[in-house]
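The block underneath contains the structure these notes are about, expressed in structure tokens.
Given the structure is predicted, the values throughout are model-derived calculations rather than measurements. Within every chain, numbering begins at 1; the chains are lettered A, B, ... in the order of the sequence lines, protein sequences first and strands thereafter.
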2 protein chains.
Amino acid sequence: MKLKMEMSLDTKECWNCPIKHQAVCARCEPDELATLEQIKYYRNYEAGQPVIWAGDHMEFVASVVTGIASLSQTMEDGRTQMVGLLLPSDFIGRPGRDSAPFDVVAVADLTICCFRKRPFEDLMTTTPHIGARLLEMTLDELDSAREWMLVLGRKTAREKIASLLAIIARRDAALRKHTPKDGMHFDLPLTREAMADYLGLTLETVSRQISALKKSGIIELDGKRKVVVPSLEKLINETGDDMDGGPIA
Amino acid sequence: MKLKMEMSLDTKECWNCPIKHQAVCARCEPDELATLEQIKYYRNYEAGQPVIWAGDHMEFVASVVTGIASLSQTMEDGRTQMVGLLLPSDFIGRPGRDSAPFDVVAVADLTICCFRKRPFEDLMTTTPHIGARLLEMTLDELDSAREWMLVLGRKTAREKIASLLAIIARRDAALRKHTPKDGMHFDLPLTREAMADYLGLTLETVSRQISALKKSGIIELDGKRKVVVPSLEKLINETGDDMDGGPIA
DNA sequence: GCGCGACTTTGATCAGGATCAAACCGGGTA
DNA sequence: TACCCGGTTTGATCCTGATCAAAGTCGCGC
């Protein structure tokens with residue numbers, strides 16, 4: 001059993017938070033940050049642990065600080081669809097509702113910064129910065145979700161895999177604050193099954209298509225979980241998207 | 001060529017607008033409404049006409065007043081995916097961005113209430129009501145989009161058709177301000193092709209599955225475009241969703 | 001080292017939808 | 001009336017990805 005990951009001390013204050021420029025608190029004035037500081041607390045989850053089940057009462061909203069979580073739905077017969085990946089700075093929860101619409105599960109070891117819901121909502125009504133930033137983030141997420149609908153509804157298995165890899169490559173580059181480039185390598189944080197659930201495929205098909213991309217020289221694998229992209233252009237060619245643009249998040 | 005539909009005079013003032021309680025202006029105070037009144041104008045489109053192409057510069061944001069529009073994406077090779085249906089009171093556009101992320105096309109004769117973008121954005125910063133309402137609407141749309149991802153990624157053709165019919169039935173009932181019930185009948189506002197684009201299917205499969213549902217007694221058809229639902233429960237059984245809940249929008 | 005369990009790969013077969021093709025229907029117009 | 005045209009239905013066949021099954025890989029604890 002792995003030890004629970006703890007955040008290092010120096011990230012425990014808002015003014016030193018690694019996501020302070022991207023998260024819902026990005027626009028806050030010092031006094032607003034001070035208020036957030038009062039109502040926040042951290043929670044840690046290890047890979048695989050559930051954070052929230054759909055329908056649960058939520059007493060907090062939160063921001064992902066480090067790690068990855070998934071947002072997903074499951075039908076009675078067990079078919080599941082992942083509907084979003086939550087990366088650092090992404091927001092969890094909905095001011096104004098108290099039950100969660102989807103399951104949230106830690107995919108990799110996860111730290112979230114929780115805000116007690118009632119005070120957070122109060123703060124939203126008394127200051128414009130949080131609401132404005134949340135609106136901005138929500139509109140971006142809505143665009144991302146809609147772009148993903150094209151992947152789910154119209155792309156082939158190979159295109160789906162390539163699209164997922166391209167997105168992870170872009171996000172990984174963004175987290176490291178440089179642009180994606182040829183020869184880049186990154187961690188594949190998802191199991192084959194999680195990829196399948198995100199892409200609306202089976203895990204066997206995911207495995208086969210990854211093998212096929214490898215055979216075509218589009219990607220190289222280093223172990224099961226590390227990917228090298230020799231030519232970003234070739235990868236994007238496989239996604240079915242036109243060269244520039246394409247889903248960002 | 002059909003005559004362009006014009007709104008009747010009595011809906012041309014905000015205080016008499018049919019969607020004033022649901023749209024982005026729902027929370028506005030009288031003085032805010034007065035400002036909106038200054039910056040708004042109506043536009044009409046007939047079925048089939050484009051409203052905006054993806055990438056276009058947008059000089060307005062808008063609310064659907066009457067009719068239906070679709071939000072969609074098309075790949076270079078022609079594959080298209082509808083990513084949303086816009087019904088009366090739904091919002092078009094994104095404060096803070098000036099190019100449209102998706103195509104908007106009138107599916108049925110359409111009237112929208114446009115707000116010049118710059119003044120609208122200014123109004124958003126000076127009053128909380130519009131931003132708060134827009135956030136609320138955007139969060140709902142995000143949930144809807146994510147629910148639709150389950151349909152696209154994991155449901156069978158039959159389940160997809162049943163899900164679409166169930167959604168249209170619910171929305172139709174909501175527009176008429178009563179709850180959906182057994183024996184209800186409603187208009188099918190979409191062509192088979194539009195349904196296919198919404199569901200990630202081909203139009204032939206849509207046609208076949210509608211025939212199959214008819215043969216099973218789940219629905220009855222009156223012409224090509226009117227549907228009767230003898231038992232709502234039976235229809236929902238076909239969606240794969242559990243009885244209550246299910247996608248709302 | 002060995003064995004176990006979680007995850008992954010690969011193979012064989014099946015089936016749900018796509019594709020290609022043709023006929024049908026209803027409404028508008030010459 | 002006959003014709004045409006957009007939308008729809010139905011049929012025959014194909015193919016992608018699902019399903020069922022078995023073997024391979026890696027990390028970890030004993």
In whole angstroms, the gap separating P of D/dT9 from CG of B/L213 amounts to 12 Å
Backbone of A/R79 reached by a side-chain donor or acceptor of A/D77 within 3.5 Å:
yes
Expressed as a whole number of angstroms, how long is the span from A/M195:CE to C/dT8:C1'?
10 Å
Whole angstroms only, please: what is the CG-P distance between A/D77 and D/dA18?
15 Å
Ignoring hydrogens and geometry, is there a side-chain-to-backbone donor-acceptor pair from B/D143 to B/D140 under 3.5 Å?
no
Relative to the ring of A/F60, is the ring of A/Y41 parallel (under 30°), tilted (30 to 60°) or perpendicular (over 60°)?
perpendicular
Whole-Å distance, B/K155 NZ to C/dG16 P, equals 18 Å
Rounded to the Å, how far apart are B/R225 CZ and D/dT9 P?
10 Å
Show each protein N/O and nucleotides 13-16 of chain D N/O combination with a separation under 3.5 Å, one pair to a line.
none

Is a side-chain donor or acceptor of A/W148 paired with a backbone partner of A/Y198 at a separation under 3.5 angstrom?
yes
When rounded to whole Å, the CG to C1' distance for the pair B/D197 and D/dT8 reads 15 Å
Specify the separation, in whole Å, of atom CG of A/D222 and atom C1' of D/dT25.
15 Å
Thinking salt bridges, do A/K234 and A/D182 make one under a 4.0 Å N-O criterion?
no
Protein heavy-atom contacts under 4.0 Å, written 5' to 3' over nucleotides 9-15 of chain C as B (base), S (sugar-phosphate only) or - (none), form the string BBBB---
Name the nucleic acid region contacted by A/T202, choosing base, sugar-phosphate or nothing; use a 4.0 angstrom heavy-atom cut-off, strictly under.
base
Nearest-Å distance for atom pair CD/C1', residues B/Q209 and D/dT8
15 Å
Within the 4.0 Å heavy-atom criterion, would you say B/G48 contacts the bases, only the backbone, or no part of the nucleic acid?
nothing
Residue whose closest nucleotide on DNA chain C lies nearer the 5' end, A/L190 versus B/L201:
A/L190
Tell me if a side-chain donor or acceptor on B/D103 pairs with a main-chain N or O of B/A54 at a distance below 3.5 Å.
yes
If you define the side chain from C-beta out and look only at heavy atoms, does anything of A/E159 sit under 4.5 Å from A/T239?
no
NE2/A/H185 to CG/A/D172 distance, rounded to the nearest 0.5 angstrom?
9.0 Å
Donor-acceptor pair, B/R154 side chain versus A/T80 backbone, under 3.5 Å?
yes
